[in-house]
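Per chain, numbering begins at 1; letters A, B, ... match sequence-line order.
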Amino acid sequence: MLQFLVRRLIVAILVAATVMTLAFILTRLSGDLAISIAGPNATQADVEAVRKAYGLDRPLTVQFFDWVGRAATGDLGESYFFKTKVSKLIGERMPITITLGLTGLVIALLVSLPLGILAAVRENTALDRVVQMVALLGQAMPSFWLGLILMITLGLQLGWLPISGTGSWQHYVMPGIVLAFSAIPALTRLTRAGMIQAMGSDYIRTARAKGLSRASILLKHALRNAAIPVVAIAAVQLGFMLGGSIVIEQVFALHGVGFLAWESIGKNDFPVVQAVVLVLAVIYVALTMVADLMNAVLDPRLRGP
Amino acid sequence: MSALLEVDHLEVNFGGRVSAVRGASVTVERGETHCLVGESGCGKSVTALAVMNLLARGARRSAKRLAFEGQDLTGLSDSGMAHLRGNAMAMIFQEPMTCLNPAYTVGSQMTEVLRRHRKTTQRAATDRAADLLARVGITAPGLRLGQFPHQLSGGLRQRVMIAMALMCDPKLLIADEPTTALDVTVQAQILRLLAGLQRDLGLGMLLITHDLGIVARVGHRVSVMYAGEVVESAPTAELFANPKHPYTKGLLRCVPVPGKIRRDEPLGSIPGTVPRIGPGFEGCAFRERCDFADATCAHTIPRHAASAAHDFLCRLPA
């Protein structure tokens with residue numbers, strides 16, 4: 001188990017290092033940063049001054065290791081636009097993004113687990129096909145479109161939920177639903193497939209031969225085994241939701257990390273862009289590690305003899 | 001008093017296309033080991049699963065009479081049946097490697113049976129599980145209770161399955177080829193164990209096997225199945241001494257008996273395989289493979305009695 005953890009940790013560090021390098025290279029590839037920071041009306045002298053002030057005149061490798069060294073100590077630099085520490089900017093907006101991501105994940109699980117179980121228990125019936133059809137539709141629906149439709153129906157016509165902002169918990173429900181829709185199809189199908197496989201297994205026949213109740217057979221014996229791949233994918237989906245909420249945060253005017261990233265790209269505020277990419281990547285890697293750990297908790301065979 | 005288990009004219013078919021069991025009748029008395037023998041695919045396991053009402057979805061079961069301790073099972077609700085299963089009638093299976101849930105400890109899987117069917121504490125259930133593990137010959141039962149199935153060998157898992165089946169003191173134990181998947185040395189241990197338990201606890205046992213050596217050692221009574229029918233049924237000694245049905249004779253010829261067959265004599269075999277039989281089939285299902293078959297075998301076959309406790313299904317006279 002310890003060996004397993006150490007191995008995972010080494011992989012995580014390698015992934016983070018790769019992402020850092022890529023984030024650094026990609027922001028430099030977008031053009032001469034000094035020119036874009038100085039603005040369209042700047043003279044050659046202005047550009048050179050900016051280049052000197054931001055340290056962009058140094059060799060790329062020096063710039064890179066300078067950034068990496070500071071990032072390792074938690075210093076992600078200063079935003080060119082907001083003139084504040086990047087870590088403070090991200091720290092302020094992270095709770096919104098995390099709340100949104102968790103809301104999306106909880107809604108997704110609340111929908112896809114029962115649907116998947118139901119479809120598996122009623123395998124090859126009309127109900128099963130309807131569930132699979134809904135999952136397919138969910139996958140095909142663009143999230144910005146679904147967001148607008150929900151705003152019109154739930155927000156404007158019915159007036160049940162606020163349509164933008166972050167004032168109360170109700171503000172997170174609609175964007176949470178939209179975010180959940182991207183994860184529901186995969187989670188539902190995975191739950192269904194896992195349950196069908198588990199229900200056909202020998203240990204479920206044993207559980208029935210023991211005279212256990214239907215609830216115990218389904219939820220204790222079958223779901224426990226069917227849930228193993230679902231947990232792994234759910235953790236990865238949460239990573240996608242945190243990083244991929246840029247569109248949703250736009251549509252619902254939630255000023256989270258996704259919104260910050262979008263603003264900063266437009267303003268060529270590259271320390272912020274680099275830092276957001278890095279932070280999201282680290283969270284993503286951490287979540288896959290959490291998924292592995294939860295798998296080991298759920299599946300004793302992974303814990304070794 | 002009625003027999004422990006009465007199965008009369010059991011029929012099982014899958015989706016109306018394949019008749020897996022065709023009018024099989026088996027009776028298990030209290031404290032008796034009744035062996036069900038036959039080739040693979042002859043309906044032994046399906047008969048057992050039908051008795052337990054554990055057939056896969058799509059299987060249809062019907063019987064003139066299917067009763068446990070005189071109580072009719074065909075009209076019993078799912079939950080009524082669930083209260084009997086694991087309780088008064090228990091079953092162990094052929095595949096010890098996959099029959100235990102990989103996600104739960106041995107202890108948790110054993111105690112849940114008792115807690116389902118009896119009012120008891122977790123502590124008392126754990127004590128009972130430890131006692132039974134010791135009884136089936138597992139050393140350090142306390143350690144095993146905390147382990148997961150993947151940490152146990154096949155022989156140990158089958159012992160756990162047996163101990164688990166005994167948790168509620170069942171009156172009937174159905175064992176579906178309990179030793180087939182195990183090493184020969186372990187097979188003998190498990191068989192001795194089952195025979196001992198059967199004797200000590202006075203269990204009625206329906207033992208499904210294709211191994212006639214096992215039958216000879218532990219069976220009180222034998223029913224030979226072929227293509228979903230019981231073609232011959234007799235007390236063990238009588239069946240071995242005086243087999244009547246050509247299929248039974250063929251089966252017995254396939255088993256080498258030291259001292260009885262000569263070294264240069266070829267071992268017998270029955271050519272062909274068990275046919276798949278659909279609804280509306282008439283006559284003897286064995287006729288394609290039988291040396292004595294003639295035109296009359298395509299018609300309804302009478303059941304003959306060779307003695308009071310010995311009957312067989314063949315047109316040939318007793």
Side-chain angles (χ1 to χ4, degrees), chain A residues 1 4 113 117-128 191-192 194-232 292-305, chain B residues 45 48-49 51-58 78-106 108-118 146-152 157 160-161 164-165 167-168 170 173-174 176 181:
Chain A
M1 187 67 195
F4 170 76
L113 284 180
I117 294 171
L118 205 64
V121 171
R122 300 257 181 275
E123 191 191 351
N124 290 331
T125 63
L127 185 75
D128 180 20
T191 307
R192 176 183 177 273
M195 283 299 284
I196 287 173
Q197 198 193 9
M199 289 306 285
S201 68
D202 289 340
Y203 58 81
I204 290 299
R205 190 184 56 189
T206 304
R208 292 174 65 209
K210 284 154 79 175
L212 301 181
S213 68
R214 190 154 172 77
S216 168
I217 291 171
L218 270 179
L219 302 178
K220 183 179 172 190
H221 285 273
L223 185 60
R224 171 65 179 270
N225 288 287
I228 293 169
V230 177
V231 165
D292 286 336
L293 279 178
M294 285 178 76
N295 267 355
V297 169
L298 286 174
D299 189 349
R301 284 167 296 187
L302 293 180
R303 274 176 255 162
Chain B
S45 295
L49 292 172
V51 169
M52 295 289 281
N53 200 12
L54 290 175
L55 290 165
R57 218 186 316 178
D78 278 353
S79 72
M81 195 61 209
H83 281 291
L84 276 180
R85 279 200 298 254
N87 191 0
M89 49 202 290
M91 182 161 179
I92 54 180
F93 299 95
Q94 190 175 352
E95 309 86 1
M97 301 311 280
T98 51
C99 275
L100 291 164
N101 192 327
Y104 293 100
T105 60
V106 167
S108 142
Q109 296 187 57
M110 288 185 73
T111 53
E112 72 175 341
V113 201
L114 195 66
R115 302 210 66 188
R116 160 80 169 158
H117 297 293
R118 301 273 188 283
Q147 285 186 317
F148 289 94
H150 74 274
Q151 295 167 303
L152 273 51
R157 288 189 217 186
V160 168
M161 282 296 294
M164 191 158 77
M167 280 299 276
C168 293
L173 180 65
I174 299 181
D176 185 0

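- Each of B:Asn53, B:Thr98, B:Ile174 has some count of heavy-atom pairs under 4.5 Å with chain A, and the biggest count is that of B:Thr98.
- Residues A:Ser216 and B:Arg116 form no side-chain contact, since every pair of their non-hydrogen atoms from C-beta on lies 4.5 Å or further apart.
- Contact annotation for B:Met164: only side-chain heavy atoms (C-beta onward) come within less than 4.5 Å of a heavy atom of chain A.
- The parts of B:Ala103 that come within reach of chain A are both its backbone and its side chain, each placing non-hydrogen atoms under 4.5 angstrom from that chain.
- The part of B:Leu55 that comes within reach of chain A is its backbone (N, CA, C, O), which places non-hydrogen atoms under 4.5 angstrom from that chain.
- Dense packing is recorded around CE of B:Met81, with more than 12 heavy atoms of other residues, nucleotides or ligands lying under 6.0 Å away.
- Taking chain A as the reference chain and counting heavy-atom pairs below 4.5 Å, the highest number among B:Met52, B:Arg57, B:Met97 is found for B:Arg57.
- Contact of B:Gln147 with chain A is not made at all, since no heavy-atom distance falls under 4.5 Å.
- In this structure, no portion of A:Ile204 lies under 4.5 Å from any heavy atom of chain B.
- Among residues 208-215 of chain A, the residues having any heavy atom closer than 4.5 Å to a heavy atom of chain B are, in sequence order, A:Arg208, A:Ala209, A:Lys210, A:Gly211, A:Leu212, A:Ser213.
- A:Thr206 contributes a side-chain N or O that, together with a main-chain N or O of B:Cys99, makes up a donor-acceptor pair within less than 3.5 Å.
- Side-chain contact check for B:Gln109 and A:His221: no donor-acceptor pair (N or O, by modelled atom type) lies under 3.5 Å.
- Here NZ of A:Lys220 is found 5.5 Å from OH of B:Tyr104. Values are rounded to the nearest 0.5 Å.
- At a 4.5 Å heavy-atom cutoff, the contact between B:Leu54 and chain A is made by backbone and side-chain atoms alike.
- Heavy atoms from other residues, nucleotides or ligands lying under 6.0 Å from CZ of A:Arg122 number 12 at most.
- The line from CZ of B:Phe93 to OH of A:Tyr203 is 14.5 Å long, rounded to the nearest 0.5 Å.
- When all heavy atoms are compared, the tightest approach of A:Arg301 to B:Pro102 is CZ-CB, 3.5 Å.
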Would you please test A:Asn225 and B:Asn101 for side-chain contact (heavy atoms from CB on, under 4.5 Å) and show each step? CA-CA 9 Å; A:Asn225 288 287; B:Asn101 192 327; 2.8 Å; yes
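- In this structure, chain A has no heavy atom under 4.5 Å from any part of B:Asp78.
- Contacts between B:Met167 and chain A at a heavy-atom distance below 4.5 Å are absent for every atom of the residue.
- In this structure, B:Glu95 and A:Arg205 have side chains that are in contact, with non-hydrogen atoms separated by less than 4.5 Å.
- Residue contact with chain A, scored on non-hydrogen atoms closer than 4.5 Å, is absent for B:Leu84.
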